[in-house]
Amino acid sequence: MSKTMKIIFTLSLVLNALLAGLFAGHMIQSHRYRPVTRFAEIRVEMRGPIFAERAKLARIMKADDFDQAAFDLQLNKYSDMKCEFDKKFMIDFNKKVQKMSVAERNEVIDKTMMRGGKHRRH
């Protein structure tokens, strides 16, 4: 085998090992966070409308002539939408938790508590 072929063969082995490691790491990580990500899909469908209502509220607040009646109306609309979102989230959350094993429930709690501790202020 020529020197060039040995170098190509060695590089090929190294690249394949790196690729296999990346793939294995991805599989471990995606499996590790799977229960927590199940809950992210609950929120997706209502996020857009809630953000739109919040943006309307911000526009009213930024207006040169503050309209208290419009602000109150929009604040109530935004609040009602958030309450409906929270209610729907809790119902869906309950359904998903009922289908989980004890280990999955523990993992969700551990991940949620870890995430909450790192990013939320108390």
Side-chain angles (χ1 to χ4, degrees):
M1 190 183 283
S2 71
K3 186 175 181 178
T4 305
M5 287 303 291
K6 287 180 184 179
I7 291 172
I8 291 172
F9 181 71
T10 303
L11 285 174
S12 175
L13 285 176
V14 169
L15 290 174
N16 281 324
L18 286 173
L19 185 61
L22 286 172
F23 181 73
H26 175 71
M27 293 303 291
I28 289 169
Q29 288 293 86
S30 65
H31 174 71
R32 188 172 154 198
Y33 293 105
R34 191 171 297 139
V36 175
T37 58
R38 288 181 188 175
F39 300 110
E41 67 202 32
I42 296 173
R43 299 178 182 193
V44 171
E45 69 186 46
M46 289 187 73
R47 265 193 197 143
I50 288 174
F51 289 157
E53 294 304 320
R54 189 171 66 193
K56 289 178 189 176
L57 190 61
R59 283 194 297 275
I60 292 169
M61 291 175 64
K62 288 181 177 182
D64 291 336
D65 295 325
F66 182 72
D67 184 351
Q68 185 66 50
F71 178 74
D72 290 342
L73 185 66
Q74 185 60 32
L75 189 60
N76 283 331
K77 187 175 180 181
Y78 175 70
S79 177
D80 290 347
M81 189 174 265
K82 286 279 289 175
C83 286
E84 186 63 32
F85 168 80
D86 289 343
K87 186 188 313 180
K88 181 181 178 344
F89 177 80
M90 289 312 216
I91 290 168
D92 290 348
F93 179 79
N94 186 358
K95 288 176 186 176
K96 288 186 183 279
V97 168
Q98 288 177 19
K99 295 176 184 176
M100 292 178 149
S101 68
V102 173
E104 288 176 322
R105 288 193 312 265
N106 286 332
E107 186 177 346
V108 166
I109 291 301
D110 291 345
K111 298 278 187 251
T112 303
M113 297 302 273
M114 285 175 35
R115 185 177 63 218
K118 287 181 184 175
H119 301 292
R120 293 184 185 155
R121 293 182 184 179
H122 297 278

>> Quick check for you: to the nearest 0.5 Å, what is the distance between Tyr78 atom OH and Phe85 atom CZ?
In response: 10.0 Å

> Out of curiosity, Asp67 CG to Leu73 CG, how far, rounded to the nearest 0.5 Å?
Replying inline: 9.5 Å

> Looking at residues at least two apart in the chain, or sitting in another chain, which of them share a ring-ring contact (aromatic ring centres under 6.0 Å, His included) with Phe51?
Replying inline: none

> Taking C-beta and beyond as the side chain, do Gln98 and Asn94 meet within less than 4.5 Å on heavy atoms?
Replying inline: yes

>> Rounded at 0.5 Å granularity, tell me how far CG in Asn76 sits from SG in Cys83.
In response: 10.0 Å

> Atom CG of Asp80 and atom CG of Leu75: how far apart are they, to the nearest 0.5 Å?
Replying inline: 9.5 Å

> Does any non-hydrogen side-chain atom of Arg59 lie less than 4.5 Å from one of Gln74?
Replying inline: no

> Looking only at heavy atoms, what is the nearest atom pair of Arg105 and Met100, with distance?
Replying inline: NH1-O, 3.1 Å

